[in-house]
Number of protein chains: 2
Amino acid sequence: MSSRSTAERLRDGGERVTRQRLDVWEALERIGRQVSAQDLYDELRRRHPRIGRATVYRTLEALVAVGVARRFELDGHVSAYVACRPQHHHHLACHRCGRVEEIDEGYVAPVAARVAADRGFRIDDARLDFYGTCARCAAG
Amino acid sequence: MSSRSTAERLRDGGERVTRQRLDVWEALERIGRQVSAQDLYDELRRRHPRIGRATVYRTLEALVAVGVARRFELDGHVSAYVACRPQHHHHLACHRCGRVEEIDEGYVAPVAARVAADRGFRIDDARLDFYGTCARCAAG
DNA sequence: TCCCATAACGAGACTGAGTATCAGATAGGG
DNA sequence: CCCTATCTGATACTCAGTCTCGTTATGGGA
Ligand SMILES: [Zn+2]
Ligand SMILES: [Zn+2]
Ligand SMILES: [Zn+2]
Ligand SMILES: [Zn+2]
């Protein structure tokens, strides 16, 4: 169950597991696409009217830190978050419907290795994001 | 000369060429690394005390729009800008010294083609960014 | 199970990046 | 040179994100 794996991830990262953090995670996963922190906060308050604004923001960063969510940048300088496989960093985002698909690490690793070798760079992190129109939106 | 090419780029994009826009471009290029809009504004006011805050922000977006600069996201949810070859989108950023090197499109295009074919995605734009330590910082 | 140190929560104040407004200035085509 | 659409800059404003601090609750240890 995904909420259990998130709880374990939090514990492994030295973070406490709280009701609120699981609520945030559940909402993020249920939405299933990229969403701004503010919109997620509004959504959460419908089911959990007492949840705090700061808690949502803090929790989203915690989820990113333990690797089950990822922060994006939207147009207009606003952050958005998406539930995400741990350690996964590469995405295919449809800017029509907002759906985010994941890209396997295998596509990227060889490029990183070549760049590191060619430029003498020690690479700690990589981000590869493609933007376009998903198959479903292109059809419909 | 690079400022002339920037002027041409602005004109080609239907944007006017003003003294302030060239000043912003010149400062951005002289700095030669990623810089926040606020820091660039502070820097610009030393030489051009009457330049307006909004002008700097607007101009940076205009430079991005015509393809001679690129917007980054720094930690802490702050945008940073860097002078950039037109249409160039891929970078190698040293998080020790802030230097940004460019990555040739040739590294990325084959990956984009494979992803598009495998997933039925029509790709409009791609971002590939590597973060790590540059050769100079690793040595020193 | 109970305790308790410590981390997380929540209400609300605060910060500051970024934007809107608008009167005045200016680029640039005719 | 003129005219007008665009740009500038001073200022006010918005609102995403953070901080504070008193309260609550987790989770490890007795
Ligand atoms: Zn992912
Ligand atoms: Zn779509
Ligand atoms: Zn570049
Ligand atoms: Zn460096």
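Throughout, protein chains are lettered first and strands after them, A, B, ... in sequence-line order, and every chain is numbered starting at 1.
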Roughly, in whole Å, what's the span from NE2 in His77(B) to C1' in dA16(D)? 9 Å

Do any of residues 31-53 of chain A sit with a heavy atom less than 4.0 Å from DNA chain C, and if so which? Arg50(A), Ile51(A), Gly52(A)

Going 5' to 3' through nucleotides 20-26 of chain D and flagging B where a protein heavy-atom sits under 4.0 Å of the base, S where only the sugar-phosphate is that close, and - otherwise, we get B----BB

Trace of the side chain to side chain contact (heavy atoms under 4.5 Å, CB included) decision for Phe72(A) with Val82(A): CA-CA 8 Å; Phe72(A) 270 86; Val82(A) 64; 3.4 Å; yes

Would you say His91(A) and Glu102(A) make side-chain contact, with heavy atoms under 4.5 Å? yes

Provide, to the nearest angstrom, the distance between the CD atom belonging to Glu15(B) and the C1' atom belonging to dT8(D). 14 Å

Salt bridge (charged side-chain N to carboxylate O under 4.0 Å, His left out) contacts in which one or both residues fall within residues 54-66 of chain B, not counting sequence neighbours: Glu61(B)-Arg71(B)

Which donor-acceptor pairs under 3.5 Å do the side chains of residues 46-56 of chain A make with protein atoms, sequence neighbours left out?
{"unit_1": "Arg46(A)", "atom_1": "NH2", "unit_2": "Glu43(A)", "atom_2": "OE1", "d": "3.1"}
{"unit_1": "His48(A)", "atom_1": "ND1", "unit_2": "Asp23(A)", "atom_2": "OD2", "d": "3.4"}
{"unit_1": "Arg53(A)", "atom_1": "NH1", "unit_2": "Gln38(A)", "atom_2": "OE1", "d": "2.7"}

Paired with Val66(A), the side-chain contact (heavy atoms from CB on, under 4.5 Å) test is passed by just one of Leu10(A), Thr6(A), Asp12(A), namely Leu10(A)

Partners meeting ring pair (Phe, Tyr, Trp, His ring centres under 6.0 Å) with Tyr41(A) (sequence neighbours left out): none

Residues at least two apart in sequence or cross-chain that pass side-chain hydrogen bond (donor to acceptor under 3.5 Å, both in side chains) with Arg114(B), listed by chain then number, are none

Please enumerate all residues that pass ring pair (Phe, Tyr, Trp, His ring centres under 6.0 Å) together with Tyr57(A), with sequence neighbours excluded. none

Counting only pairs under 3.5 Å, give me each side-chain donor-acceptor contact of residues 128-140 of chain A, with atom names and distances, residues two or more places apart or in other chains.
{"unit_1": "Asp129(A)", "atom_1": "OD2", "unit_2": "Arg70(A)", "atom_2": "NH2", "d": "3.3"}
{"unit_1": "Thr133(A)", "atom_1": "OG1", "unit_2": "Arg122(B)", "atom_2": "NH2", "d": "3.3"}

Quick one, Glu105(A) and His90(A) - any side-chain contact, counting heavy atoms below 4.5 Å? yes

Using side chain to side chain contact (heavy atoms under 4.5 Å, CB included), reason through Val24(A) and Leu44(A) one step at a time and then give a plain yes or no. CA-CA 7 Å; Val24(A) 171; Leu44(A) 274 158; 3.8 Å; yes

DNA chain C: 5'-most and 3'-most nucleotides touching chain A, 4.0 angstrom heavy-atom criterion: dT6(C) to dT19(C)

Enter the inter-axis angle for the ends of the helix from dT1(C)-dA30(D) to dG30(C)-dC1(D) (five pairs per end, rounded to 10°). 50°

Pairing residues for Arg16(B) by the salt bridge (Lys or Arg N to Asp or Glu O under 4.0 Å) criterion, not counting sequence neighbours: none

Please state how far atom CG in Leu60(A) lies from atom P in dA16(D), giving the value in whole angstrom units. 14 Å

Residues which pass side chain to side chain contact (heavy atoms under 4.5 Å, CB included) with Asp118(B), listed by chain and number, not counting sequence neighbours: Tyr107(A)

